[in-house]
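Presented below is the structure to which this report refers.
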Amino acid sequence: MAASSPDSGARAQQVRGACPHDCPDTCALVTTVQDGIAIRVQGNPAHAATAGVLCNKVSHYPERTYHPERLLQPLRRVGPKGSGRFEPVAWDTALDDIAARLQAIAARDPQAILPYSYCGTMGLVQGESIAARFFHRLGASLLDRTICASAGAEALTQTLGGKVGMKVEFFAEAKLILVWGSNSIASNLHFWRLAQEAKRHGAKLVCIDPRRSETAEKCHEHVQLLPGTDAALALALMHELVANDWLDHDYIARHTLGFEALRERALRWTPERAAAVCGVPAQQIRDLARDYGTTRPAAIRLNYGMQRVHGGGNAVRAVACLPALTGAWRHRAGGVLLSSGGFYPADRAALQRPDLLAGRQPRTINMVQVGDALLHAGSEQFGPRIDAVVVYNSNPVAVAPESGRVVRGFAREDLFTVVIEQFRTDTADYADYLLPATTQLEHWDIHASYGHTDVLLNRPAIAPLGEARPNTQVFRELAARMGFEGPLFRESDESLCRLAFGGQVDFDLLLQQGFASLDVPEAPFADGGFPTASGRCEFFSERLARQGVDGLPDHVPNYETPGSSAQYPLAMISPPARNFLNSSFVNVRSLRDIEGEPILEIHADDAAARGIRDAQVVRVFNDRGEYVCKARVSRRARPGVVNGLGIWWRKFGLAGTNVNQLTSQKLTDMGRAPVFYDCLVEVRPA
Ligand code: SF4
C-alpha cells in the first residue's frame, strides 16, 4: 500500500514492491515517489529476508529506470538485421503489422512461431501469464525454459522430491556452512549476511568453487576444485562418512532409500581417487569430511554454478544426499538449500492456460539450442523452419551459448523478429519491431522466491514512462487483433496477481504489507516426509533407473575435460561479474564503470607460459569462436582454469563479442540444461 513518507516531504509516497531479477534473494522494495518520479529504491526493513538492504545493482534502480537510453516508443527496423537502425512507429501500426505477420505464418503452421523468454523478470504475471495464454491459443512452438536451473531442479526432484530445502534464515544458527558453487557475496547477498552471523557465533565457513571468488576469500577455507568435479568430491565425502561411521543410521533407515547401493558406490571413491579428479589434496577432502561428519548442525548452500557442466545433475544429486546420511535434516539449521521454489503453491496452469492448446501438441524447442534451431532449415523430425520469434524477458544474443550461431540465426533476413524490451540490448538490434516494456516500478506483479519462502506483491510506483507498456498489455492487444476472444485475454494485471496463488496466500496481507510468508515448517524434513513418491530421500532413484540411466549419483566427466586437449588446454568458467546479473545492468553506466572492461582472470603460471601480462588484450578461442578481452593475472584463477566474467553485452565488448562466443550448445545429464562451464579454450596475446 502506498503511504505518505514522514521524511521525504509532504508529497512523497512510499510504494511497496519486489525485486524482479533472477536472484534467490527476492528482496522487498520500498520506492519513494515524489511528484510522480521515483527518487529512491530501498530494501523494505519490515521484510526479514531483505532486512532493509539491497545489493548495489538494484540500489541503482532509479538510474536504470530513467536511463537516457530507455526504450520509450515502438520502433521499426530500417537498416539491415543487427544494425540497430530503427524508426519510430505508432503502437497501433506496429501491433497491426505484427498480428498480420504472425497470422500469415500461423496459417501455414503456428509451430513456425517461437516465443523466447526467460527470467528478465521473475514476476509470475509479467513473466508468463497472458503471453503464455496467447502462444498456447496460437499453437506456437513450446519453449523448453532450461537456460539456468533445470539440471539442479531435476536433480533435486529425483532426490528430495522437488525444489525444496532448508529455510534460509536458519543458516545463521549453523556451526558449519559449505558454500558450494556460489559466489554468495555477488549473487546471494542476503544469505551471506546470515552466513556472517553464523561465523560471528563460531561457525566455520568452507567455500567449494573453482574460482577464488570474493566469497571464497572470506571463508575459513577454500576447496578450489576443477570445474565439473563436484560429484567426485561429494562421493569422496560419502566415502569418509561411511568409513568413519559418521552416519545417522536411524535417519538413514527411516527416511532414505537405496543406502546400501550408495554405500557401495561411495566406497569406490577414496579421497585419493577424488583428489586426482578434482585437483585438490586428498587430505583436504579428508578434513572436509571430518568437519561435515562431526559438526552439528551442518548446512550446505548450493548454487547453480556447479550444475553448468555435463554431469551437473548428478553433481547436485550427490550433494543433496549428504544431509540425509548424517541426519543433518533433524536440525532446522542443517540440510541443504539450492532452491525453495517447490514450496510455493503457485497456480501456473490458471495463469498460463495450457488447456488452450486444445489437444494440440506443438514441438518443443530447447532455449539453450536456439542458435541451432534458428539455423535449421526444417525437416520432418524438426518440424517447420522457424519463421518468427517473439522475444520478451530475455536477451538470447548475449546469454545463449555458442553465440556465433545465435547471431547468425537472428541475422536471417527471412526471420520475423519481435523484441519486447526496456533497452536496446544485443538482441534488440536484430528486431523487426522493438516494443518498449515497462520496468518493475511501472507495473503490477507477484513473486515467488527460490531463496526464501515469502510471496511478494509488486505494486506500480510510477506511471509507465513514455509509451512503454507491460508485457501483459502487449499480448492482450495482439490477442484482440488476432481474434482471440474471451475474458481470459482481457484479464487485468491485478486480477492475475490475485489468481497466482488463489486462496493459498492472503492477498489482503500482500496489499497491506507487500509480503506474506508461506507456512513451511522450520525443519521441513526433520522427520522425513520428503515429497518423493516414496516419502524418503532417494539415494537410488527408481524413476531414473526406469529411464535407463544410473539410479545412483555418480561423477559424470565434462564433455571437455580439463587437461584432455593439447590444442585447448585451459578450462574456462564464466561466472557473473559482481555488478551484473546475467546480462542485466550491463548498460547502467555507474555499474559498468565499476566492472571496467570484459576480463579474463588467468593464473600467473598460465599467463607466463603464454607471454601474457596483466591488463593485456588477449584472444580467447576454441573451435566455436573467439572472444577478445583483457587478461587479469590473478589468484582468483587456479592453474589450468580461466574465469571469463560475464555476461557483457557484445556491443560493449572489445571486439563486439562476449564470453558465450566460446560456450557450447551441449546439454547436461539431467534437465536438458546448458553446460556453460564445460568449455576448453586457449588464450593468446591479441
Ligand atoms: S538482485 Fe537480488 S540482492 Fe539485489 S535487490 Fe534484487 S533480489 Fe535483492
Side-chain angles (χ1 to χ4, degrees), residues 14-32 38 40-65 118-124 126-127 148-149 168-169 171 179 182-197 213-215 301 303-305 337-341 344 393-395 399 422 439-443 445-459 461 514-515 517 575-588 590-592 594-595 646-647:
Q14 292 194 321
V15 183
R16 297 188 186 94
C19 175
H21 291 286
D22 189 357
C23 166
D25 296 17
T26 319
C27 289
L29 309 181
V30 177
T31 302
T32 303
R40 199 164 49 235
V41 176
Q42 294 166 294
N44 186 347
H47 181 238
T50 306
V53 178
L54 301 179
C55 65
N56 191 39
K57 298 176 278 257
V58 174
S59 300
H60 287 71
Y61 228 65
E63 182 184 344
R64 186 174 183 277
T65 302
Y118 197 62
C119 292
T121 172
M122 297 293 288
L124 294 168
Q126 302 306 336
C148 181
V168 70
E169 53 266 45
F171 275 88
V179 185
S182 173
N183 183 5
S184 308
I185 291 176
S187 57
N188 194 188
L189 188 64
H190 294 77
F191 157 75
W192 183 247
R193 181 176 58 82
L194 298 165
Q196 292 300 291
E197 197 178 323
S213 64
E214 296 88 336
T215 305
R301 184 61 171 106
N303 215 338
Y304 288 104
L337 176 64
L338 171 60
S339 170
S340 55
Y344 286 85
N393 302 332
S394 187
N395 181 10
V399 305
Q422 297 161 352
T439 68
Q440 188 77 342
L441 302 192
E442 299 152 64
H443 55 226
D445 218 327
I446 191 163
H447 289 252
S449 171
Y450 58 97
H452 58 65
T453 48
D454 301 331
V455 174
L456 273 69
L457 182 68
N458 185 77
R459 299 172 68 133
F515 58 89
S517 298
R578 183 169 176 176
N579 290 283
F580 304 154
L581 199 158
N582 299 326
S583 75
S584 299
F585 298 101
V586 179
N587 61 324
V588 176
S590 59
L591 296 172
R592 196 167 73 246
I594 300 171
E595 289 299 328
I647 302 175

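Quick note: numbers below take in every heavy atom, side chains included, and nothing from hydrogens, waters or symmetry partners. Atoms within a ligand are numbered from 1 in the order they appear, just like the ligands themselves. These numbers were taken from a predicted model, which means no experiment stands behind them.
Protein residues having at least one heavy atom under 4.0 Å from any atom of ligand 1 are Cys19, Cys23, Asp25, Thr26, Cys27, Leu54, Cys55, Val58, His190, Leu581, listed by chain and number.
Note: Thr439 OG1 to Arg64 CZ = 7.0 Å, rounded to the nearest 0.5 Å. The distance from the CG atom of Leu337 to the CZ atom of Phe171 is 5.0 Å, given to the nearest 0.5 Å.
Checked by atom type and distance alone, the side chain of Thr215 pairs as donor or acceptor with a backbone atom of Ser184 at under 3.5 Å.
Partner Phe515 forms a side-chain contact (heavy atoms from CB on, under 4.5 Å) with one of His452, His47, His447 and no other, that one being His47.
Glu63 pairs by the salt bridge (Lys or Arg N to Asp or Glu O under 4.0 Å) definition with nothing, not counting sequence neighbours.
Residues Asp445 and Gln126 have side chains that never bring a donor and an acceptor to within less than 3.5 angstrom of each other.
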